[in-house]
Amino acid sequence: MTQNLQPLHIKQMTITLAGETLLAMHRDIAPGEVLTVMGPSGSGKSTLLAYLAGFLSPAFQVQGQLYLGDKRLDTLPAEQRGIGLLFQDPMLFPHLSVAGNLRFGLPHHANDKRQQVAQALNQVGLEGFENRDPATLSGGQQARVALMRLLLSQPRAVLLDEPFSKLDTALRQEMRTLVFGQLREAGLPTLLVTHDEADANAAGGPIIALG
């Protein structure tokens, strides 16, 4: 993944709606760093994620630029930005096996897909789960599969949208350690949106408070 080791630059970004400024940010996120954005509902967290991912409604006006290294992203459609997303829900495909979900993340040109899937499952303690139906997995197991599907897609930056909020307390800590460890090891610049101070502390990076 060394080709992904580039910082994410949010340059002089201002988002307005009907003439009212909702959000302003100028930040760099280094490879392997997790920038946490905290704030109450309505403070602009979802709007920020939508802008970065490329899904922001045209009702909003945006000034500024988004770069990964020296490549400009904000002029590209979502599917060309190379940004991976991890949500509150694992969003596994119910009609696919665990292996099928992981293969979906792999680039079409990838070689040795079966071996890559097996290695990914081994990394998160799910050896032999290839043929399992996602519906038979626990919440923590589903979250692990979702994380590895994200990493297999070879993103160049990652957005985390409250990814631990639906897990019980003990599992949250385990998944925080796993997710942040994997993202740091992959050298991916990451932006986490959360309400939870424990998430922010576990991320170990800078924190921005909105609102």
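The chain is numbered in sequence order, starting from 1.
- Residues Met13 and His26 fail the side-chain proximity criterion, which asks for heavy atoms closer than 4.5 Å.
- Closest approach of Ala120 to Leu152, counting heavy atoms only: CB-CD1, 4.0 Å.
- A 4.5 Å side-chain heavy-atom check between Asn101 and Pro134 finds at least one atom pair inside the cut-off.
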Under 3.5 Å, which donor-acceptor pairs link side chains of residues 178-186 to any protein atom two or more places apart or in another chain?
| unit_1 | atom_1 | unit_2 | atom_2 | d |
| --- | --- | --- | --- | --- |
| Gln182 | OE1 | Gln123 | NE2 | 3.2 |
| Arg184 | NH1 | Ala203 | O | 3.2 |

Worked verdict on Met25 versus Ile208 for side chain to side chain contact (heavy atoms under 4.5 Å, CB included): CA-CA 10 Å; Met25 186 177 292; Ile208 294 176; 3.9 Å; yes
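- Rounded to the nearest 0.5 Å, atoms CG (Leu48) and CG (Leu191) are 5.5 Å apart.
- Listed here is the closest heavy atom pair of Pro189 and Ile29: CB-O, 3.4 Å.
- In this structure the side chain of Leu151 reaches within 4.5 angstrom of the side chain of Leu188, judged on heavy atoms.
- Remark: the backbone N or O of Pro40 is paired with a side-chain donor or acceptor of Lys45 at under 3.5 angstrom.
- One N or O on the side chain of Ser97 and one on the backbone of Gly100 form a donor-acceptor pair closer than 3.5 Å.
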I'd like to know whether Thr21 forms a side chain to side chain contact (heavy atoms under 4.5 Å, CB included) with Ile15, so could you lay out the CA-CA distance, the side-chain angles of the two residues, the decisive distance to 0.1 Å, and finally the verdict. CA-CA 6 Å; Thr21 298; Ile15 301 177; over 6 Å; no
Give the C-alpha distance, both sets of side-chain angles, the deciding distance and a yes or no for side chain to side chain contact (heavy atoms under 4.5 Å, CB included) between Thr47 and Leu56. CA-CA 7 Å; Thr47 304; Leu56 189 63; 3.7 Å; yes
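- One side chain, Arg176 or Gln173, offers a donor N or O that lies under 3.5 Å from an acceptor on the other.
- The minimum heavy-atom distance between Pro206 and Arg27, with the atom names listed, is CB-NH2, 3.4 Å.
- Proximity of Thr190 to Leu159: side-chain heavy atoms (C-beta onward) are nowhere separated by under 4.5 Å.
- A pairwise comparison of heavy atoms in Ile83 and Pro155 identifies C-CB, 4.4 Å as the closest pair.
- For Asp196 and Arg172, the salt-bridge test passes: some basic side-chain N is under 4.0 Å from an acidic carboxylate O.
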For residues 106-114, tabulate all N or O donor-acceptor pairs below 3.5 Å that involve a side-chain atom, not counting sequence neighbours.
none

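- Between Leu126 and the options Leu102, Leu121, Val98, a side chain to side chain contact (heavy atoms under 4.5 Å, CB included) holds for only Leu121.
- Panel note: side chain Gln80, backbone Ala78; no donor-acceptor pair is recorded below 3.5 Å.
- A side-chain donor-acceptor contact under 3.5 Å links Arg81 to the backbone of Leu52.
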As a quick check of understanding, evaluate side chain to side chain contact (heavy atoms under 4.5 Å, CB included) for Met148 and Val145, giving each step before the final call. CA-CA 5 Å; Met148 296 317 293; Val145 174; over 6 Å; no
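- For Arg149 and Phe93, the positive end sits near the middle of the six-membered ring, less than 6.0 Å away and at most 45° from its axis.
- The two residues Pro90 and Ala146 have their closest heavy-atom pair at O-CB, 3.7 Å.
- In this structure, OG1 in Thr14 is found 14.0 Å from CZ in Phe60, a value given to the nearest 0.5 Å.
- Atom CG of Leu160 and atom CG of Asp199 lie 9.5 Å apart (nearest 0.5 Å).
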